[in-house]
Amino acid sequence: FTLLNSIAQQPNWSIEAKWRSGFLLAHRFVMGHLAQEHSHGLELIVSKRMSGKKLWHQIYGNPTINLHLFYGGVGNRAILGNYLGLYNSIEFPIMQKNNWRLNLIWGAGLGFTTKVYDKTENPKNVAMSSPVFAIINPGINTKYIFKKNTIGLGIDILHFSNGSTKLPNLG
(Lines give C-alpha, C1' and ligand atoms only; values in the text may rest on other atoms or scores of the structure.)
Protein backbone atom coordinates (compact mmCIF):
# COMPACT_ATOMS: atom_id res chain seq x y z
CA PHE A 1 0.00 0.00 0.00
CA THR A 2 2.82 2.42 0.80
CA LEU A 3 4.38 1.84 -2.63
CA LEU A 4 1.15 2.56 -4.48
CA ASN A 5 0.51 5.60 -2.32
CA SER A 6 3.97 7.09 -3.00
CA ILE A 7 3.69 6.43 -6.73
CA ALA A 8 0.25 8.05 -6.87
CA GLN A 9 1.66 11.22 -5.29
CA GLN A 10 4.34 11.65 -7.97
CA PRO A 11 3.69 14.28 -10.64
CA ASN A 12 2.76 13.04 -14.10
CA TRP A 13 5.08 15.56 -15.80
CA SER A 14 8.55 16.74 -14.82
CA ILE A 15 11.47 18.73 -16.22
CA GLU A 16 15.07 17.88 -15.45
CA ALA A 17 18.47 19.37 -16.28
CA LYS A 18 21.32 16.89 -16.27
CA TRP A 19 25.07 17.45 -16.49
CA ARG A 20 26.75 14.57 -18.30
CA SER A 21 30.38 13.65 -17.84
CA GLY A 22 32.20 10.64 -19.18
CA PHE A 23 34.78 9.52 -21.65
CA LEU A 24 35.12 8.44 -25.25
CA LEU A 25 35.58 4.69 -25.38
CA ALA A 26 38.26 3.98 -27.98
CA HIS A 27 36.93 0.51 -28.80
CA ARG A 28 39.33 0.10 -31.73
CA PHE A 29 43.06 0.68 -31.93
CA VAL A 30 42.70 3.25 -34.74
CA MET A 31 40.60 5.44 -32.39
CA GLY A 32 43.28 5.71 -29.68
CA HIS A 33 44.29 9.24 -30.70
CA LEU A 34 40.73 10.58 -30.23
CA ALA A 35 40.34 10.06 -26.46
CA GLN A 36 42.24 13.11 -25.18
CA GLU A 37 39.90 14.59 -22.57
CA HIS A 38 36.67 13.78 -20.73
CA SER A 39 33.38 14.33 -22.47
CA HIS A 40 30.91 16.84 -21.09
CA GLY A 41 27.38 17.77 -21.98
CA LEU A 42 24.14 19.25 -20.81
CA GLU A 43 20.81 17.54 -21.21
CA LEU A 44 17.31 18.91 -20.75
CA ILE A 45 14.68 16.24 -20.19
CA VAL A 46 10.89 16.40 -20.17
CA SER A 47 9.33 13.32 -18.58
CA LYS A 48 5.88 11.81 -18.27
CA ARG A 49 5.16 9.02 -15.81
CA MET A 50 2.55 6.58 -17.10
CA SER A 51 -0.64 6.62 -15.06
CA GLY A 52 -1.38 2.93 -14.77
CA LYS A 53 -4.72 3.31 -16.57
CA LYS A 54 -3.66 1.12 -19.49
CA LEU A 55 -2.76 -2.54 -19.25
CA TRP A 56 0.77 -2.05 -20.64
CA HIS A 57 1.44 0.61 -17.95
CA GLN A 58 0.60 -1.94 -15.28
CA ILE A 59 2.56 -4.76 -16.92
CA TYR A 60 5.71 -2.63 -17.07
CA GLY A 61 5.35 -1.03 -13.62
CA ASN A 62 4.18 2.42 -14.75
CA PRO A 63 7.28 3.36 -16.77
CA THR A 64 8.43 6.92 -17.43
CA ILE A 65 8.76 8.27 -20.99
CA ASN A 66 11.41 10.96 -21.52
CA LEU A 67 12.29 13.42 -24.28
CA HIS A 68 15.98 14.47 -24.17
CA LEU A 69 17.74 17.45 -25.74
CA PHE A 70 21.52 16.93 -25.54
CA TYR A 71 24.38 19.32 -26.29
CA GLY A 72 28.04 18.67 -25.62
CA GLY A 73 31.32 17.22 -26.73
CA VAL A 74 32.63 13.69 -26.74
CA GLY A 75 36.12 14.51 -25.56
CA ASN A 76 38.10 15.95 -28.47
CA ARG A 77 36.34 19.02 -29.85
CA ALA A 78 39.23 19.93 -32.18
CA ILE A 79 38.70 16.74 -34.21
CA LEU A 80 35.20 15.54 -33.24
CA GLY A 81 33.39 18.86 -32.74
CA ASN A 82 30.22 19.45 -30.75
CA TYR A 83 27.19 17.21 -30.68
CA LEU A 84 23.50 18.07 -30.58
CA GLY A 85 20.87 15.38 -30.16
CA LEU A 86 17.16 14.84 -29.68
CA TYR A 87 16.08 11.42 -28.49
CA ASN A 88 13.45 9.70 -26.42
CA SER A 89 13.84 7.06 -23.77
CA ILE A 90 11.72 4.91 -21.54
CA GLU A 91 12.56 3.98 -17.94
CA PHE A 92 11.23 0.62 -16.82
CA PRO A 93 11.21 0.15 -13.04
CA ILE A 94 12.81 -3.20 -12.27
CA MET A 95 12.71 -2.79 -8.47
CA GLN A 96 10.56 -0.49 -6.33
CA LYS A 97 10.32 -0.01 -2.60
CA ASN A 98 8.51 2.91 -0.98
CA ASN A 99 9.94 6.01 -2.67
CA TRP A 100 12.98 4.28 -4.17
CA ARG A 101 13.19 2.90 -7.73
CA LEU A 102 15.77 1.05 -9.80
CA ASN A 103 15.16 1.59 -13.52
CA LEU A 104 16.31 0.05 -16.77
CA ILE A 105 16.62 2.66 -19.55
CA TRP A 106 16.42 2.35 -23.32
CA GLY A 107 16.58 5.37 -25.62
CA ALA A 108 17.04 6.23 -29.29
CA GLY A 109 16.89 9.27 -31.54
CA LEU A 110 18.82 11.53 -33.90
CA GLY A 111 21.86 13.75 -33.55
CA PHE A 112 24.09 16.19 -35.39
CA THR A 113 27.81 16.92 -35.18
CA THR A 114 29.76 20.01 -36.23
CA LYS A 115 32.88 18.12 -37.43
CA VAL A 116 33.04 15.06 -39.66
CA TYR A 117 35.74 13.09 -41.42
CA ASP A 118 37.19 14.83 -44.43
CA LYS A 119 40.15 13.46 -46.38
CA THR A 120 41.94 16.84 -46.41
CA GLU A 121 40.32 19.02 -43.70
CA ASN A 122 39.76 16.48 -40.88
CA PRO A 123 41.46 13.14 -41.71
CA LYS A 124 41.88 12.11 -38.04
CA ASN A 125 38.11 11.88 -37.41
CA VAL A 126 37.66 8.16 -38.00
CA ALA A 127 34.66 8.10 -35.65
CA MET A 128 32.07 10.03 -37.65
CA SER A 129 31.84 10.75 -41.37
CA SER A 130 28.32 12.14 -41.66
CA PRO A 131 26.82 15.13 -39.82
CA VAL A 132 23.55 13.31 -38.99
CA PHE A 133 23.54 10.10 -36.97
CA ALA A 134 21.51 7.84 -34.70
CA ILE A 135 21.73 8.02 -30.93
CA ILE A 136 21.34 4.86 -28.87
CA ASN A 137 21.12 5.16 -25.08
CA PRO A 138 20.97 2.03 -22.87
CA GLY A 139 21.48 2.44 -19.13
CA ILE A 140 20.40 1.91 -15.56
CA ASN A 141 19.59 4.42 -12.81
CA THR A 142 18.26 4.65 -9.31
CA LYS A 143 15.97 7.38 -8.04
CA TYR A 144 14.65 8.40 -4.67
CA ILE A 145 11.45 10.46 -4.67
CA PHE A 146 10.69 12.80 -1.79
CA LYS A 147 7.65 15.06 -1.95
CA LYS A 148 7.90 16.81 -5.35
CA ASN A 149 11.65 16.31 -5.84
CA THR A 150 13.80 13.44 -7.03
CA ILE A 151 17.47 12.65 -6.59
CA GLY A 152 19.11 10.02 -8.73
CA LEU A 153 22.28 8.37 -9.90
CA GLY A 154 22.85 6.33 -13.02
CA ILE A 155 25.22 5.01 -15.62
CA ASP A 156 24.54 4.77 -19.32
CA ILE A 157 26.10 4.77 -22.76
CA LEU A 158 25.35 7.54 -25.23
CA HIS A 159 26.37 5.94 -28.54
CA PHE A 160 26.48 7.91 -31.79
CA SER A 161 26.51 6.08 -35.15
CA ASN A 162 25.54 6.66 -38.75
CA GLY A 163 24.98 2.93 -39.24
CA SER A 164 27.83 2.73 -41.79
CA THR A 165 25.87 4.79 -44.30
CA LYS A 166 29.17 6.61 -44.91
CA LEU A 167 32.66 5.49 -43.90
CA PRO A 168 34.63 5.77 -41.70
CA ASN A 169 32.10 5.10 -38.96
CA LEU A 170 33.60 3.80 -35.74
CA GLY A 171 31.02 5.64 -33.57
Side-chain angles (χ1 to χ4, degrees), residues 1-27 31 34-77 80 82-113 127-128 133-163 170-171:
F1 177 79
T2 305
L3 176 63
L4 295 175
N5 188 25
S6 66
I7 290 172
Q9 292 174 2
Q10 294 178 35
N12 289 338
W13 290 92
S14 64
I15 298 174
E16 175 183 355
K18 181 191 299 185
W19 176 254
R20 284 184 161 275
S21 185
F23 58 91
L24 174 68
L25 179 62
H27 55 281
M31 294 180 70
L34 294 176
Q36 298 197 359
E37 57 196 42
H38 284 89
S39 61
H40 300 288
L42 178 65
E43 208 166 54
L44 298 175
I45 306 162
V46 176
S47 302
K48 182 174 185 348
R49 176 87 190 264
M50 297 296 96
S51 64
K53 292 180 181 177
K54 295 183 179 178
L55 180 59
W56 77 271
H57 298 174
Q58 296 167 22
I59 291 171
Y60 293 106
N62 296 336
T64 302
I65 296 177
N66 309 298
L67 179 64
H68 304 251
L69 178 62
F70 169 82
Y71 178 77
V74 293
N76 190 336
R77 290 183 191 214
L80 300 173
N82 295 312
Y83 283 62
L84 177 67
L86 184 66
Y87 67 100
N88 64 351
S89 71
I90 187 164
E91 292 180 39
F92 297 102
I94 52 178
M95 288 176 52
Q96 300 183 72
K97 183 169 180 159
N98 298 325
N99 292 352
W100 174 80
R101 292 173 61 149
L102 180 65
N103 302 298
L104 186 63
I105 305 164
W106 180 254
L110 290 176
F112 175 81
T113 184
M128 196 63 67
F133 51 83
I135 296 173
I136 300 169
N137 179 230
I140 191 166
N141 71 21
T142 183
K143 291 183 177 180
Y144 185 78
I145 300 114
F146 52 98
K147 297 188 181 181
K148 293 185 177 184
N149 297 302
T150 302
I151 188 167
L153 181 66
I155 187 166
D156 63 9
I157 297 170
L158 202 54
H159 177 69
F160 307 115
S161 176
N162 70 13
L170 297 179

Closest approach of [X] to [Y] (non-hydrogen atoms, all atoms of both residues):
X	Y	result
T113	L80	OG1-O, 3.1 Å
N66	S47	OD1-OG, 2.5 Å
I94	I140	CD1-CD1, 4.2 Å
G52	N62	CA-OD1, 3.0 Å
F133	N162	CB-N, 4.0 Å
P63	P93	CA-CD, 3.9 Å

Could you tell me the separation between the [atom1] atom of [X] and the [atom2] atom of [Y], rounded to the nearest 0.5 Å?
X	Y	atom1	atom2	answer
L86	I135	CG	CD1	8.0 Å
S39	N76	OG	CG	11.5 Å
Y144	L153	OH	CG	16.0 Å
Y87	I45	OH	CD1	6.5 Å

- Task: Identify which one of K143, R101, R49, K48 satisfies the salt bridge (charged side-chain N to carboxylate O under 4.0 Å, His left out) criterion when paired with E91.
- Result: K143
- Side-chain (N141) to main-chain (G154) donor-acceptor, under 3.5 angstrom: no
- Message: Using only atom types and a distance under 3.5 Å, with no angle test, would you say the side chain of N137 pairs donor to acceptor with the backbone of I157?
- Response: yes
- Message: Let's go through T142 and W100 carefully: what are the C-alpha distance in whole Å and the side-chain angles of both, what is the deciding distance for side chain to side chain donor-acceptor pair (under 3.5 Å) to 0.1 Å, and is it a yes or a no?
- Response: CA-CA 7 Å; T142 183; W100 174 80; 2.6 Å; yes
- Item | Pair F70 and Y83, ring centroids less than 6.0 Å apart | no
- Item | Heavy-atom side-chain proximity of I105 to I90 below 4.5 angstrom | no
- Message: Can you confirm whether L42 sits close enough to L69 that some side-chain heavy atom of one is under 4.5 Å from a side-chain heavy atom of the other?
- Response: no
- Query: Do S89 and H68 meet the criterion of a side-chain donor-acceptor pair at a distance under 3.5 Å?
  - Reply: yes
- Is the count of non-hydrogen atoms from other residues, nucleotides or ligands lying under 6.0 Å from H40 atom NE2 greater than 12? yes
- Would one find more than 12 heavy atoms of other residues, nucleotides or ligands at under 6.0 Å from atom CD1 of I59? yes
